[in-house]
Structure formats: C-alpha cells, structure tokens
Amino acid sequence: MEVLFSTSNKNKVAESNEVGRKYGVSFTQIHLFYPEIRSDSVSEVAKAGAEYVFTQIRKPLIVEDSGLFIKSLNEFPGAYSRFAFERIGINGILKLMDGISDREASFVSAVAYITSAEKIHSFLASDTAPNSDVKIFEGSVEGKITTEAKGEKGFGFDPIFQPKGYVKTFAEDVKTKNAISHRKIAFEKLCQYLKTKPAERTR
Ligand code: IMP
C-alpha cells in the first residue's frame, strides 16, 4: 500500500519507510507547501497541514509534525523546533542550556492521516475546523540534551539528543534512533491502524 507523505524532509520519509517496510506500507514523498499554524501542539500543526494539503490534491495523505521539548526551558522549542533550528541551531540550544543541570528533554512526533474532508472553512482557526476525517498518531521518546554535539548522522537536533538508557546521541547511533524514536512509535501506530482498518483507508 502506498501512502502520500507531504514533507520537504527526506530524512523523515526514510525513517517512516524503515517502519512501513515491515507492514508492506510505502510512504511516497510529495512536496506540497502548507502553512504551519502557530500552536504549541505538534498534533494540531500536523492536522492543519494535512487538511490544507488535502484541499490541494483531494487524496488521502499524511503530514508529520515533530519537535524537541526541553523541560528546563518550559518545553521550548517544542512545536517551534523547525524555526528554532533555522534561527539558532544546535549551538543556540546548547547556549540556552549553559549552566543548566536539568537536561531532560523529549522528542515528540504527530502524524496526521487524512482521508476525507467535506468542506474546508479555514485551516487557521480550530473553531472553524473543517469537517474532515483526520486520525492522529503520536509518539515520544525521553532523553537528555548533551553538553556538546556528537555524531554526524540523522538530522536536526539529533547530535544533542541522547535517549534515556543509551550512551550515544541519535546522530551517533541511527540504528537505535530507528528502533526507539518518536517517529518510529508514531508511524508504527499508523501502520498498525492501516493494517487493521482496511475499509477506512480507501475512503
Ligand atoms: P517539522 O516537523 O518539519 O516542523 O520540524 C521540526 C524540527 O524539529 C526539525 O526541523 C528538527 O530541527 C526537529 N526535529 C524533529 N524531529 C527530529 C528528529 O527526529 N531528529 C532531530 N531533530 C528533529
């Protein structure tokens, strides 16, 4: 089964296909622009994005939104992680964390799978949400922010995220990332759903 995945991030597509392979699901990247709404919730951002893209192509598809939530920074950058990564990057986060001993953090991923939408009123305000059929699948992984960047693999904040119970960052150990990551958990839930709900996926 093929599922369209609207994203500009090829790493996300590769990671999703690592999971999909086991279920006979293949995620195909499509590059359709969608405006990211301003929200603290990656689920809401993913949902609004999926609804927007659906209005463009009228075919079932997924949008994934994710972020790094740092406890001692009041969950910053969270749903604004892409913006933070582009503006201050890894070094900026390390600077913000300078002298902070509580380095607990988590990565969160939300996959929005949309199969239909009757009427799109507005994708910007939840009180005028479209009458759409969107399922959200979430995953998270706990860990800590390292004091320096380590590793060359992966993307984004991978070099400074060390998952709980492991000694390497995601950027040093992609095998571990693919086995336990927020994205892996969210896509596993989606694939389980697709496997057990064949009628809905063709609507
Ligand atoms: P978005 O989901 O495309 O809005 O991007 C979220 C941002 O969070 C990315 O640009 C990365 O900086 C960060 N991020 C999300 N998931 C990961 C991950 O698996 N590894 C490293 N950084 C991530």
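All heavy atoms count here, side chains included; hydrogens, waters and symmetry mates do not. Indexing begins at 1, ligand by ligand and atom by atom, following the structure's order.
Every heavy atom of Phe170 sits 4.0 Å or more from the atoms of ligand 1. Under a 4.0 angstrom heavy-atom cut-off, Asp65 registers as being in contact with ligand 1. No heavy atom of Asn9 sits closer than 4.0 Å to any atom of ligand 1. The closest approach between a heavy atom of Glu86 and any atom of ligand 1 is not below 4.0 Å.
If you check which protein heavy atom lies closest to atom 20 (N) of ligand 1, you get Asp158 OD1, 2.7 Å. Considering only non-hydrogen protein atoms, atom 19 (O) of ligand 1 sits nearest to Lys177 NZ, 2.8 Å. The nearest heavy-atom contact from the protein to atom 9 (C) of ligand 1 is Arg82 CA, 4.3 Å. If you check which protein heavy atom lies closest to atom 16 (N) of ligand 1, you get Arg183 NH2, 2.9 Å. Among protein heavy atoms, the minimum distance from atom 11 (C) of ligand 1 is reached at Gly156 CA, 4.1 Å. The protein non-hydrogen atom at the shortest distance from atom 8 (O) of ligand 1 is Ser81 CB, 3.1 Å. Counting protein heavy atoms only, atom 23 (C) of ligand 1 is closest to Phe107 CE2, 3.5 Å. Summary of contacts: the protein heavy atom closest to atom 3 (O) of ligand 1 is Lys12 NZ, 3.0 Å.
Residues Glu188 and Tyr23 have side chains that bring a donor and an acceptor to within less than 3.5 angstrom of each other.
Residue Phe5 is grouped with residue Phe137 when hydrophobic side chains (ILVMFWY) are merged at heavy-atom distances under 4.5 angstrom, including chains of intermediate members. Residues Val63 and Phe83 do not share a hydrophobic cluster, defined by chaining ILVMFWY side chains whose heavy atoms lie under 4.5 Å apart.
Judged by distance alone, the side chain of Gln29 and the main-chain N or O of Thr7 form a donor-acceptor pair under 3.5 Å. Judged by distance alone, the side chain of Asn17 and the main-chain N or O of Ala14 form no donor-acceptor pair under 3.5 Å. In terms of modelled atom types and a separation under 3.5 Å, the side chain of Glu15 and the main chain of Lys12 share no donor-acceptor contact. With hydrogens and angles disregarded, no donor-acceptor distance shorter than 3.5 Å links the side chain of Arg82 to the backbone of Asp65.
Short contacts between ligand 1 and His182, defined as distances under 4.0 Å to a heavy atom of the residue, involve ligand atoms 16 (N), 17 (C), 18 (C), 19 (O).
Heavy atoms of Phe85 found under 4.0 angstrom from ligand 1 belong exclusively to the side chain.
Between Thr176 and Lys168 the shortest side-chain heavy-atom distance does not fall below 4.5 Å.
Remark: among candidates Phe155, Phe161, Tyr80, the nearest residue to atom 17 (C) of ligand 1 is Phe155, based on non-hydrogen atoms.
The shortest N or O to N or O distance between Glu36 and ligand 1 is under 3.5 Å. For ligand 1, one of its N or O atoms has an N or O atom of Phe157 under 3.5 Å away.
A perpendicular orientation is assigned to the rings of Phe27 and Phe187, their planes being inclined by more than 60° (bins at 30° and 60°).
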For this session: With side-chain contact (heavy atoms from CB on, under 4.5 Å) as the test, would you mind laying out the steps for Phe69 and Val42 before giving the verdict?
Result: CA-CA 11 Å; Phe69 293 73; Val42 288; 4.2 Å; yes
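Screening His182, Glu64, Arg183 against Ser109 for a side-chain hydrogen bond (donor to acceptor under 3.5 Å, both in side chains) leaves a single residue, Glu64.
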